[in-house]
Amino acid sequence: MAGGADATLLEVRDLVVEFPTRRGVLRALDGISFSIARGEVLGVVGESGAGKSLTGAAIIGLLEPPGRVVGGEIRLDGQRIDNLPQAAMRKVRGKRIGAIFQDPLTTLNPLLSIGRQLVETIRTHLPLSESEARERAISWLEEVGIPAARQRIDAYPHEFSGGMRQRVVIALALCAEPEMVVADEPTTALDVSIQAQIIALMKRLAAEHGTAVMLVTHDMGVIAETCDRVAVMYAGRIAEIGPVREVVKHPSHPYTSGLMASIPALDRKVARLAQIEGAMPRLTTIPRGCAFNPRCPKAMDVCRQEKPGLRPAGATMAACHLYEVENV
Amino acid sequence: MSDAMAADRPVLEAEHVTRVFDVSRPMLARLMAGEKKRMLRAVDDASFAIRRGTTLSLVGESGCGKSTVARMAVGLYAPSAGAMRFEGCELSAARRDAALRRRMNMIFQDPYASLNPRWRVRDIVAEPIRAFRLARGAAVSERVAELLVQVGLSAADGQKYPHEFSGGQRQRVSIARALASEPEFLVCDEPTSALDVSVQAQILNLMKGLQERLGLTYLFISHNLAVVRHMSERLGVMYLGRIVEMGKAEAIFSKPQHPYTRLLLEAIPDLEMVGRARTPVGGEVPSPIAPPPGCAFHPRCPLAREKCRSVRPETARAGEVEVACHAVAEGWG
Ligand SMILES: Nc1ncnc2c1ncn2[C@@H]1O[C@H](COP(=O)(O)OP(=O)(O)OP(=O)(O)O)[C@@H](O)[C@H]1O
Ligand SMILES: Nc1ncnc2c1ncn2[C@@H]1O[C@H](COP(=O)(O)OP(=O)(O)OP(=O)(O)O)[C@@H](O)[C@H]1O
Ligand code: SF4
Ligand code: SF4
Ligand SMILES: [Mg+2]
Ligand SMILES: [Mg+2]
């Protein structure tokens, strides 16, 4: 693993998250383990509904009830943070871990101007005066590429375009200078050039300040360009994890292979895009054994019986029985 | 009008459409600071037409006015100047006509904001079916189930509330809802941005299938240029509120002419980029409140000359496409 044990900033071990509902207990995360070193960018990809956002929410201690962590642990710099009291967790969040959420509108307060929200966040975490914080806020807006930041800082969220709001959310997460950033689809509503600017900013924070970044995105181009390692999730579990180049170019897990094949190419036009047939199982009907088995072209008998664990597969780690068989 | 003409008539037509927003500070604060009113020209003199059964896509930087065009195209914003027509009928009038209104719909960029959090998904999707009386009784739930399955959810998901879904699942709920009224014209503002590539492929295949079977017409907005290329017949490239290049999508992708289009196509990330940095479009993004004079792209344009700083380039034909650029018009590009 990159870095070495002492460089590890975030460590997630056997994380299990459940939702008790009228229809029974839904297990949304089923034994997730990974770590992120200081200065490392870990990409997280996977099927919609696989549990990427929930993993991020669990790390920052913002699982929405009735969702709760029922197993495993999360450590930041060696210290457990999954069982902290609310008040202590609130300090960690914002100051030590910054979060960029998937829905920009739910993060921004529609009644407060953009500037007000930034100034308050900055002053909560850094010892700055009102006017210093305002200057800092303007430079953050410039940093994330908002044109005419000084003139537009007093605007309200609805006056900004979708991508501009998304950039404000990014500025809000970064302005307290956290050690770790959980970024959930930070660049989806952004055009390629602003995207490049945001990615350059995150890479710079990682390289210069040792910030660790967990980057959730569906854009494999962004992953390829930004991340050191990538984790692929499917139905609440990690299907494959490893260095980006290997996962993209030589995927081991059949789900990863299907995912890579569905990416539309820019240089040729096809009548129909490749898609993985079928849909990911609902949490209520996760199949026995490997959750991917009903859609997997390589499924074997054992796949319908036993849940595969992560194991070495080529240059990556994959949760797939194919590799067990080969290693026997 | 003869039938042949009706079939030829564009479904949506924008004629010199402009939209201006007043972004001044609150009046008192503004007067005390002695400031003038600040106007923001989000869309500036845009003209285009979309033929039945085809897709026009709009691309361009964040904040360049795509969503504003989209909102005008379904009548949610009125143009400050110019005319927007749906089926030949001015949009504010078209919206008042229930029969016309049913025929257009929009998938919003922000799926969460467009779903009522207190409704179950089955009611969210059924609402347009009931409102336009497209089915009744048990047929409504059957239709809802069919729509949910089409977007890759399951019929049982109907009993859940929006917050019980992941981001991409919610986006699919809003697509199912948009399709529920059986629109003929659909404005899709980043319809697949929150979807993983496999579900995205499923939704795009569904949209193309509907277009082939039922002749749907799309106005499509996406930052993902590979998706845009896959979906569109025609393409409009916007910069700071203006359409700077417009024409057949294949022509623009294979031979981009406007300097901004060229930079945009170069900035695309792809899988070959592992570990490499890409060259973003250089220079500051200009302020839309005080856009640069002449050609708004001149501070960032590698080809800019003196004329570009003072004279606004008109839109002119250049081969198969239309381009607003002095360099292209005068052959120094
Ligand atoms: N409040 C809730 N109640 C019940 N189930 C929930 C709740 N919140 C999330 N889930 C379920 O947990 C699963 C994981 O959701 P999560 O938001 O983590 O997905 P994701 O991987 O981020 O997907 P996307 O790419 O679509 O954003 C989903 O199947 C979702 O339906
Ligand atoms: N209601 C409004 N009030 C004031 N300004 C607005 C309003 N709506 C949009 N704008 C401004 O108009 C410009 C264009 O916004 P629009 O939402 O059309 O951009 P966009 O091209 O869709 O961008 P994105 O790719 O980020 O979604 C932006 O500068 C935005 O701040
Ligand atoms: S464990 Fe079996 S079903 Fe699962 S991905 Fe591997 S081969 Fe396919
Ligand atoms: S008009 Fe001039 S500045 Fe504008 S794009 Fe063309 S060459 Fe560049
Ligand atoms: Mg998510
Ligand atoms: Mg928009």
Side-chain angles (χ1 to χ4, degrees), chain A residues 45-50 52-53 64 102-106 145 147-148 151-152 154-155 159-164 166-167 184-185 188-197 200 218-222 224-225 244-245 248-249 258-259 262-266 269-270 272-276 279 282 284, chain B residues 21 23 25 38 59-63 67 109-110 112-113 152-154 156-157 163 165-169 172 190 193-202 204-205 208 223-227 229-230 250 263-264 267-271 273-278 280-281 284-290:
Chain A
V45 299
E47 189 99 349
S48 171
K52 305 178 293 296
S53 299
E64 263 181 71
Q102 200 168 357
D103 286 311
L105 271 192
T106 53
Q151 292 164 58
R152 305 192 77 184
D154 295 308
E159 297 176 295
F160 272 22
S161 77
M164 289 160 71
Q166 198 162 10
R167 282 177 274 161
D184 196 355
E185 306 274 3
T188 33
L190 303 179
D191 60 274
V192 285
S193 112
I194 299 285
Q195 205 182 58
Q197 189 180 348
H218 291 303
D219 190 329
M220 292 306 298
V222 168
E225 196 183 346
V244 165
R245 185 183 301 273
V248 169
K249 298 252 156 125
L259 199 61
S262 320
I263 302 174
L266 188 62
K269 194 160 172 168
V270 291
R272 200 182 141 81
L273 297 167
Q275 63 185 62
I276 306 175
R282 299 286 87 167
T284 41
Chain B
F21 290 109
V23 294
R25 287 211 281 160
R38 279 207 282 260
V59 299
E61 270 174 337
S62 170
S67 296
Q109 189 169 6
D110 204 319
Y112 202 41
L153 298 170
S154 74
D157 286 325
H163 76 269
F165 288 91
S166 75
Q169 290 165 343
R172 284 179 272 167
E190 300 276 2
S193 62
L195 301 179
D196 64 272
V197 285
S198 163
V199 175
Q200 167 176 286
Q202 186 182 352
L204 297 179
N205 287 336
K208 279 204 119 175
H223 287 302
N224 186 326
L225 295 174
V227 166
R229 183 169 201 174
H230 179 70
E250 276 315 303
L263 286 172
L264 189 69
I268 304 169
D270 64 49
L271 294 181
M273 305 278 286
V274 179
R276 256 193 300 151
R278 78 188 116 119
V281 179
E284 285 284 293
V285 181
S287 159
I289 300 169

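Not measured: the values here are computed from a predicted model.
- Contact of Ala274(A) with chain B is made through the backbone alone, with heavy-atom distances under 4.5 Å.
- Contacts of Ser198(B) with chain A are made by both backbone and side-chain atoms, with heavy-atom separations under 4.5 Å.
- Listed options Gly49(A), Ser262(A), Gly258(A) were ranked by heavy-atom pairs under 4.5 angstrom with chain B; first place goes to Ser262(A).
- At a threshold of 4.5 Å between non-hydrogen side-chain atoms, the residues Asp196(B) and Leu259(A) count as touching.
- Scanning all heavy atoms of the two residues, the minimum distance from Arg172(B) to Ser48(A) falls at NH2-OG, 3.0 Å.
- In terms of modelled atom types and a separation under 3.5 Å, the side chain of Asn205(B) and the main chain of Leu273(A) share a donor-acceptor contact.
- The minimum heavy-atom distance between Arg38(B) and Gln151(A), with the atom names listed, is NH2-O, 3.3 Å.
- For Asp157(B), the part sitting under 4.5 Å from any heavy atom of chain A is the side chain, from C-beta outward, and nothing else.
- When all heavy atoms are compared, the tightest approach of Glu47(A) to Val199(B) is OE2-CG2, 4.0 Å.
- Looking only at side-chain heavy atoms (C-beta outward), Gln166(A) and Ser62(B) stay at 4.5 Å or farther from each other.
- Residues meeting the side-chain hydrogen bond (donor to acceptor under 3.5 Å, both in side chains) test with Gln200(B), sequence neighbours left out: Thr192(B).
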Would Leu204(B) and Gln275(A) satisfy side chain to side chain contact (heavy atoms under 4.5 Å, CB included), going step by step from the backbone distance to the final call?
CA-CA 10 Å; Leu204(B) 297 179; Gln275(A) 63 185 62; over 6 Å; no
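- With sequence neighbours left out, Ser161(A) forms a side-chain hydrogen bond (donor to acceptor under 3.5 Å, both in side chains) with no residue at all.
- Between Ser154(B) and Arg282(A) the shortest heavy-atom distance is OG-CD, 3.7 Å.
- In this structure, the side chain of Arg152(A) does not engage the main chain of Ile289(B) through any donor-acceptor pair within 3.5 Å.
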